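Data first, discussion second: the structure below is written as structure tokens.
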Amino acid sequence: MTSFISTQSIASALRQAVLQMQSNLSTGEAELSTGKYADPGIVLGVKTGESISLQSETSLLQTITSTNETAATRLNVTQGILASLQDSAQSLLDSLLQGNGSNTNAASIQALGSSNLQNLISSLNTSLNGDYIFSGTNTSIQPIADYYAPAAPNKAAADAAFLAAFGMPQTSSSVSTITGPGMQTFLTNQFASLFQGASWSSSWSSASSNTLTSQISESQSVNSSISANNPAFQELAQAYTMIADLGTQNLGAAAYQAVNGTAQNLLSSAIGNLVNLQANAGLTQSTISAATSQMSAEMNILSEQIGHLDNVDPYEVATRVSNLQTQIQTAYSLTAQLQHLSLANYL
Amino acid sequence: MSLSSAAVTAQTGLSTITAEAAVLSQNIAGANDTGIYSRKTANIVSAPDGSQAASVTRASNQAVFDNLLNATSANAMHQALSSGLDQLNQTIGSLASDSANSPATSPEALLSRFTNALYTYEASPSDATLAAAAVNAAATLAQGLNSAAATVNKLRAQADAAMAASVQSINALLAQIQAVNGQIVTGTATKAGVADAQDSRDNLLTQLAQQIGITTVAGANGSISIYSDGGVTLFQGGAARTVTFSPTAVYIPMTAGNAVFVDGVPITGGSSPMPTSSGNLAGLAVLRDDTSVKYQAQLDNIANGLITSFAESDQAGSGPNLPGLFTVPGATALPASITGLAGQIAINPGADPNQAGNPLLLRDGGISGNPSYVYNTAASASYQSRLSQLLANLSSPTAFSAAGGIAVNATLDGYATASAAWLEAQRSNAASQSSYQSALLNTATTALSNATGVNLDTEMSKMLDLENSYSATARLLSTINAMFGTLLADLGNLPA
């Protein structure tokens, strides 16, 4: 039996084929130039969700990585300040120990205390990008009142306590009459309470005891700041103020001895606390850098996975495109030849 | 037998040959007809005076033609669905978030960008620039949802208009079929030629199958009956039924489009007892009443998720939760109904720096303007709790309404991702169905063309045969003429 074919279907078979191949060719060209599927949604279908969530995961990790910089910078600055505070506290402690309780160098010790106090205040008032880093969450407000500013509340409180205890200001020359036990009682009770609790918050510090937390990876968050309300700073402030502003240079030997001894105790305790703070900050720094490198490894894996989903095999596409070109050329020459294949040409 | 009867036979032969040539030239003219042209054959019967062209037969193959009708309907349905889904895909934009020339605009991508901005802001809560950046990202997200919702509404209105056009063309086609069918019935009864009328009826049937899936049943006298693929009668006993549809011009999320009726029976929509399942009309109905409604519900769910995640609770008393960063314009309470939220969601003017609002309220709370809803009562510049809480809200699973047809318990981001994946899955499915059905349609068209079409070469060779017969017959006539001449001349020479 002979099969019948209509002229229409001979011609349309080629037409359809050329159309189909041309549209495949344009897809192939787009894929070849971008290395990704021309229309990933059509190819991936429901797996599109996987590609999308991998991409948003990657961008979240990138965001966290870049915000980790903020926390790391803050901690670096904090570390530097803690180290310099520790140094200056140590050198004052050394001077006190060398003086061995004698008040011969009282004036120079007093000057050293005063400069350390100023240094402490300016260090704690350090700001980074407009944020006071020792203010806890209260970063818009300078944490420590400047003791040497006019009408400073901390200076006023210290003056009032001194006046109430001894009936004279610190600048009076009669401070030399203050007894050792009298001074010791003042230092341990009235004076010490200025640097604790409500008095500290009202006259010295505007900082919040809540420290900043940073989200350093998707699951981890760490404390990334130190508040000026930390006992280490309270002790330093107490020791420095004691030496700088209790009339130290005019005190009698016994009273000076009391100041000297109390300051030594406070300084050594403060130094110990500072070392702890530095260790904790260092730990946080290493946690952050570990989290960052962990995330960068994760991002590599994620981008590889995204590539598996979205990327085309360039060799496969190149072969496909060149095959299509050959096929289309064949179709063209067939069309031209079929033109001659008509009985009408031979009649 | 006489010489004159030979002449009559030769004459009849000539008219038979011209009749065949007429059919042949009709075939040649129809060879490249893109519609349906069926090969015609002249039937030659022997008569006392030689052979005669008695009738014209039309090549036909009902089974192959039915296949073509089915393939046409299925292809039209998937084409309609696929092009509608491509339009919805505009709401997704590019899938690759790093693509520079066509940025990803899917709700998921915008949500991810906003989440990142919020993370960045949480790391430095005192930074007003970062706060403004986060609020701007939120505004972009809200606008993205608005425009996605508008796209859905536009698509539904378009589908509705296309359904009206489709119904109109179904009615027009049925009326034409009625006329042609009448000709065929009359022609069959009077034995007149009906081949061309049958061709044009088949053409009309293919056009009708584009719009709605049909089955045909042949009746007496060449008449046909047409039923929809759901079983509703469209044409019977020579009378077309009326298809009715009242279009809806404007679509908002609550709008339910009208169904298409045939003789009062709905053939689209969930309440239809005999729904039509293929053809352009069915594709448009699915697009209007199912696909886009689900996608709308997903967008509304995302919008609602945003509003509730960012709602503020009363910090001083026990008042109701109020809308925070995300709200509906003019709202004084959390929205009661989810429907249509995607089209309305906006950021609260209280936090929008472009509307004289304060972006730092994102950190502090009290965006609604009520002081009892302020979280950062100590006015700390680096207050983080509220921001951490917002981020935790975003990443904790919430319940979504089942109207979206996808996961009901997921994180907001997970839900947005699932929504995009759902849309792409629908698209991918429609595209592969569409290309499969169009291949099937090609095959059916080719099969029908081969079964009933014209081959030019066959016709040409037939033409040669006819030419030969014609010249032979003409030769015969002239020979008879000569013989008559000889006879008449001889008659003249006879002696008187």
Side-chain angles (χ1 to χ4, degrees), chain A residues 3-13 16 34 36 39-53 55-56 58-60 62-64 66-71 129-132 135-141 208 210 212-215 218 221 225 306 310 341-344 347, chain B residues 31-34 37 39 89 92 95-98 104 106 108-109 111-113 115-117 119-120 122-127 378 380-384 388 391 413-414 417-418 420-425 427-429 431-432 442 445-446 449-458 460-461 463-464:
Chain A
S3 62
F4 185 87
I5 181 157
S6 72
T7 309
Q8 169 85 356
S9 65
I10 298 177
S12 71
Q16 302 271 357
T34 58
K36 292 180 188 308
D39 189 342
I42 291 280
V43 182
L44 296 177
V46 77
K47 282 180 100 184
T48 309
E50 202 179 317
S51 163
I52 292 180
S53 67
Q55 287 182 21
S56 74
T58 312
S59 72
L60 180 61
Q62 266 162 358
T63 306
I64 297 180
S66 72
T67 58
N68 277 358
E69 281 300 304
T70 316
N129 292 331
D131 284 338
Y132 292 101
S135 277
T137 58
N138 220 357
T139 51
S140 58
I141 295 167
S208 160
N210 297 327
L212 296 175
T213 52
S214 296
Q215 182 91 23
E218 277 185 286
S221 71
S225 80
I306 295 172
D310 291 358
L341 275 186
S342 171
L343 199 49
L347 295 178
Chain B
N32 285 317
D33 197 329
T34 44
Y37 178 83
R39 190 166 70 241
N89 191 45
I92 300 276
L95 283 180
S97 57
D98 56 354
S106 67
E108 195 286 332
L111 177 62
S112 154
R113 245 174 271 163
T115 314
N116 287 336
Y119 260 109
T120 312
E122 193 222 13
S124 318
S126 61
D127 193 328
S380 300
S382 292
Y383 181 75
Q384 281 175 314
S388 310
L391 284 168
D413 185 61
T417 306
W422 175 86
L423 183 61
E424 295 303 333
R427 233 183 110 228
S428 161
N429 187 33
S432 73
N442 272 337
T445 313
T446 310
S449 176
N450 283 341
T452 68
V454 178
N455 185 309
L456 272 181
D457 291 348
T458 312
M460 291 306 251
S461 65
M463 193 185 76
L464 288 181

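Both backbone and side-chain heavy atoms feed into the values below; hydrogens, waters and symmetry mates do not. Numbered from 1 within each chain, the chains take letters A, B, ... in sequence-line order. Predicted, not measured: the structure shown is a model, and the values here were computed from it.
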Of all heavy-atom pairs linking A:I42 and B:A431, the shortest is CD1-CB, 3.4 Å
Value for CG (B:D413) from CG (A:L60), rounded to nearest 0.5 Å, stands at 8.5 Å
When B:T446, B:N450, B:N442, B:T445 are each screened for side chain to side chain donor-acceptor pair (under 3.5 Å) with A:S9, the one that passes is B:N450
The interface call for A:Q8 against chain B, heavy-atom contacts under 4.5 Å, is both
(request) Report yes or no: do A:S6 and B:S449 form a side-chain donor-acceptor pair below 3.5 Å? (result) yes
Without hydrogens or angle criteria, can the side chains of A:T213 and B:Q384 be said to hold a donor-acceptor pair below 3.5 Å?
yes
One should read off an interatomic distance between A:I5 CD1 and B:N455 CG, to the nearest 0.5 angstrom, of 8.0 Å
Tightest non-hydrogen contact, residues A:T48 and B:A421, listed as CB-CA, 4.3 Å
Rounding to 0.5 Å, atoms OH (B:Y119) and CD (A:E218) come to a distance of 6.5 Å
Pair count under 4.5 Å, heavy atoms only, with chain B: among A:G49, A:A11, A:S214, highest is A:G49
- Ignoring hydrogens and angles, state whether a donor on the side chain of A:S56 or B:S112 is under 3.5 Å from an acceptor on the partner side chain. no
Turns out that what part of B:T417 lies under 4.5 Å from chain A's heavy atoms comes down to both
Counting heavy-atom pairs under 4.5 angstrom with chain B, the leader among A:Q16, A:Q62, A:Q215, A:E50 is A:Q16
Applying a strict 4.5 Å limit to non-hydrogen atoms, the region of A:S12 in contact with chain B is neither
Checked A:T70, A:I141, A:L212, A:V43 vs chain B; the most non-hydrogen pairs under 4.5 Å come from A:L212
From the list A:T137, A:N129, A:D131, side chain to side chain donor-acceptor pair (under 3.5 Å) with B:S126 holds only for A:D131
CD of B:E424 to CG of A:D39, rounded to nearest 0.5 Å, is 7.0 Å
The reported gap from CG in B:L464 to CG in A:L343 (rounded to nearest 0.5 angstrom) is 6.0 Å
Closest heavy-atom pair, A:T139 versus B:A381, reported as atoms and distance to 0.1 Å, is OG1-CB, 3.4 Å
If one checks every heavy atom of B:L423 against chain A at 4.5 Å, the contacting part turns out to be neither
Comparing B:S382, B:S124, B:S461 against chain A, the one with the most heavy-atom pairs below 4.5 Å turns out to be B:S382
Among B:S380, B:S432, B:S388, the residue with the most heavy-atom pairs under 4.5 Å to chain A is B:S380
Rounding to 0.5 Å, atoms CZ (B:R113) and OG (A:S59) come to a distance of 9.0 Å
Whatever's closer than 4.5 Å to a heavy atom in chain A on B:T458 counts as side chain
Within the 4.5 Å heavy-atom criterion, are B:D457 and A:S342 side-chain neighbours or not? yes
Turns out that what part of A:A344 lies under 4.5 Å from chain B's heavy atoms comes down to both
Among B:N116, B:D33, B:N32, the residue with the most heavy-atom pairs under 4.5 Å to chain A is B:N116
